2 protein chains.
Amino acid sequence: MLFRAVTMKDETMKADSKGIKRLPRVTLSGRIAEEIREAVLSGAFPLGSQLNEMELAEKFGVSRGPVREAMQRLIQEGLLHSEPHRGVFVPELTDTDLSDVYYVREAIEGAAVQRIMARQDRKDIHLALMKIAKQMEKTVAQGSWMQVADIDLAFHRELVESAGSFRLSRMYATVQAETKLCMHMLMGGYRSSKALVEEHELLANLIAGDDVAATLRELSRHFGDPIRILRKANAVRQGSEAA
Amino acid sequence: MLFRAVTMKDETMKADSKGIKRLPRVTLSGRIAEEIREAVLSGAFPLGSQLNEMELAEKFGVSRGPVREAMQRLIQEGLLHSEPHRGVFVPELTDTDLSDVYYVREAIEGAAVQRIMARQDRKDIHLALMKIAKQMEKTVAQGSWMQVADIDLAFHRELVESAGSFRLSRMYATVQAETKLCMHMLMGGYRSSKALVEEHELLANLIAGDDVAATLRELSRHFGDPIRILRKANAVRQGSEAA
DNA sequence: GATTTTATGATTGTTGACAATCATACAACT
DNA sequence: AGTTGTATGATTGTCAACAATCATAAAATC
């Protein structure tokens with residue numbers, strides 16, 4: 001089953017120094033928003049498909065109210081798209097969207113790079129990024145492209161979070177979610193290869209170095225041209241459908 | 001009265017080529033979200049204050065459901081802050097928040113500047129920005145600092161929207177809302193002067209020019225150090241309270 | 001008087017029902 | 001056959017009531 005029934009058991013309770021646990025401070029709508037978010041990002045709902053609030057409520061074992069509230073959150077975030085009186089949909093992403101997502105990613109990551117590289121000590125971020133790159137290397141050898149993509153995203157998320165800006169990270173979370181949706185479009189075009197690992201290692205090393213301009217140029221190169229990648233992916237897919 | 005009762009009359013209906021108007025496609029919750037948003041941004045709710053959903057529902061003449069949905073939107077946007085079971089609050093912005101808002105503004109506007117300046121023809125954006133600067137000049141002479149601040153924000157919004165990225169503009173709308181909240185903190189520190197107008201004119205001219213690096217430097221200079229401005233404002237305010 | 005316990009009122013969170021809107025199927029008309 | 005009108009069912013939007021939680025005041029205890 002796609003969804004688990006939502007209960008209020010909070011598995012992340014932390015104990016304070018006296019062994020007393022904090023009580024859960026999450027609403028049903030918050031939990032549901034997370035569940036739906038993960039389902040959308042995992043590709044469980046095809047692009048363009050409608051989310052039926054009655055079905056979701058039944059599946060979660062709750063009333064429609066919290067489901068509606070959860071969806072309002074995701075709509076505002078940009079992950080879902082509402083058409084009043086007609087329903088809530090997973091957006092269909094166009095070429096324009098794809099370009100836009102990558103443009104904005106680059107803007108955010110560029111800002112992060114500049115802030116990080118203005119610091120004297122970059123050992124920690126270098127270490128963290130190289131560690132993720134090593135993980136990617138292992139997964140390229142024996143995992144699926146989706147797993148590699150997830151590590152790729154983790155690398156970039158680490159980079160942005162290292163900038164230490166709450167708002168930059170929040171914006172990036174949304175953009176990464178949209179990136180993940182885009183990846184379902186790019187499926188055949190995602191380059192899961194040793195060269196990809198090397199690109200990430202190069203980025204990590206440049207960030208540890210002193211040439212900001214070169215780092216930003218490499219970041220831009222790293223993103224490539226998503227539209228061309230998509231076209232290539234479509235060509236490959238059409239080629240195999242015709243055969 | 002702070003709020004008007006919300007009806008479904010859509011004042012922005014557009015006529016198609018046959019004079020046939022589109023029907024309204026906005027829900028109560030959407031309208032309410034806008035009303036609350038404007039109220040918060042106008043300073044009607046002090047920073048840190050609680051929004052009471054029962055009172056709001058009564059004032060709008062609707063049930064609590066749409067009010068809750070509206071608030072979920074604004075919470076997700078970052079304009080309001082929810083504490084489960086305790087209520088929804090206008091955030092209290094700290095020095096850290098102030099710095100963060102301005103950092104992120106600069107990141108977004110910097111990206112917009114770079115994209116705009118990669119274009120050959122910049123006459124339109126130059127014209128639009130100079131027009132807003134001229135408006136600011138008039139308002140400096142005879143308006144309130146709040147009005148000047150609004151024009152200032154319009155200048156920057158024009159700049160970002162000229163980049164033509166849906167997502168950049170969406171992110172910037174949120175950041176501008178937070179900027180507006182910050183401005184209530186900066187009240188006495190907002191420099192409503194002829195020099196401010198000149199700074200904007202300079203930015204417009206640099207954008208029309210060819211030196212990207214110089215433009216980005218001026219943009220950074222233009223934002224100044226918000227913390228120092230806040231401290232100065234607080235000092236001025238404390239000075240007049242002691243007298 | 002200080003601290004703990006209990007009661008109360010206010011507010012938030014959720015539910016289920018009713019109202020409104022839309023999409024589709026079917027019937028009637030040209 | 002094509003178009004228009006009507007009915008029906010599905011889904012979304014809103015409402016009012018109940019449940020749950022919190023903050024505060026009052027009472028009890030030390």
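Keep in mind it's a predicted model, so treat the numbers as computed, not measured. The figures here come from the full heavy-atom set of this structure, side chains too, leaving out hydrogens, waters and symmetry mates. Sequence lines set the chain letters: A, B, ... in the order given, protein chains first and strands last, and positions in each chain run from 1.
At whole-Å resolution of the value, CD in B:Glu53 and C1' in C:dA10 are 12 Å apart. One interatomic measurement links the two molecules: CZ of B:Arg86 to P of D:dC22, which rounds to 9 Å at whole-angstrom precision. The CD-P distance, from A:Glu69 to D:dT14, rounds to 13 Å in whole Å. The CZ-C1' distance, from A:Phe60 to C:dT14, rounds to 16 Å in whole Å. One interatomic measurement links the two molecules: CD of B:Glu58 to C1' of C:dT12, which rounds to 17 Å at whole-angstrom precision. Atom pair B:Leu28:CG and C:dT21:C1' shows a separation of 14 Å (rounding to whole Å applied). Rounded to whole angstrom, the span from the CG atom of B:Leu51 across to the P atom of C:dA10 amounts to 19 Å. When rounded to the nearest whole Å, the span between CE of B:Met71 and C1' of C:dT12 equals 9 Å.
Listed nucleotides: C:dT15, D:dC15, D:dG13. Nearest to the side chain of A:Arg64: D:dG13. Of the listed nucleotides (C:dG13, C:dT15, C:dT21), C:dT15 has the atom at the smallest distance from the side chain of A:Val62. Which of D:dT12, C:dT12, D:dT14 sits closest to the side chain of A:Asn52 comes down to D:dT12. Picking from C:dT14, D:dG13, C:dC22 the nucleotide with the shortest atom distance to the side chain of A:Arg68 gives D:dG13. Of the candidate nucleotides C:dT15, C:dT11, D:dT11, D:dT11 has the atom lying nearest to any side-chain atom of A:Met54.
Using modelled atom types, one finds no donor on one side chain facing an acceptor on the other under 3.5 Å when comparing A:Tyr172 with A:Glu161. Judged purely by distance below 3.5 Å, without hydrogens or angles, the side chains of B:His156 and B:Gln176 never pair a donor atom with an acceptor atom.
Within the structure, a side-chain polar atom (N or O) of A:Ser63 is placed less than 4.0 Å from OP1 or OP2 of C:dT15. Taking side-chain N and O atoms only, A:Gln50 has no distance below 4.0 Å to OP1 or OP2 of D:dT11.
Under a cut-off of 6.0 angstrom, the local environment of CZ in B:Phe89 is crowded, with over 12 non-hydrogen atoms contributed by other residues, nucleotides or ligands.
Among the protein residues, B:Gly65 comes within range of no part of the nucleic acid, since none of its heavy atoms lies under 4.0 Å from any strand.
B:Glu178 and B:Arg105 are not joined by a salt bridge, as no carboxylate oxygen comes within less than 4.0 angstrom of a charged side-chain nitrogen.
A:Gln147 places a side-chain N or O within 3.5 Å of a backbone atom of A:Ser144 that can act as its donor or acceptor partner.
For B:Pro66 and A:Gly87, each mapped to the nucleotide of DNA chain D holding its nearest heavy atom, the one lying further toward the 5' end belongs to A:Gly87.
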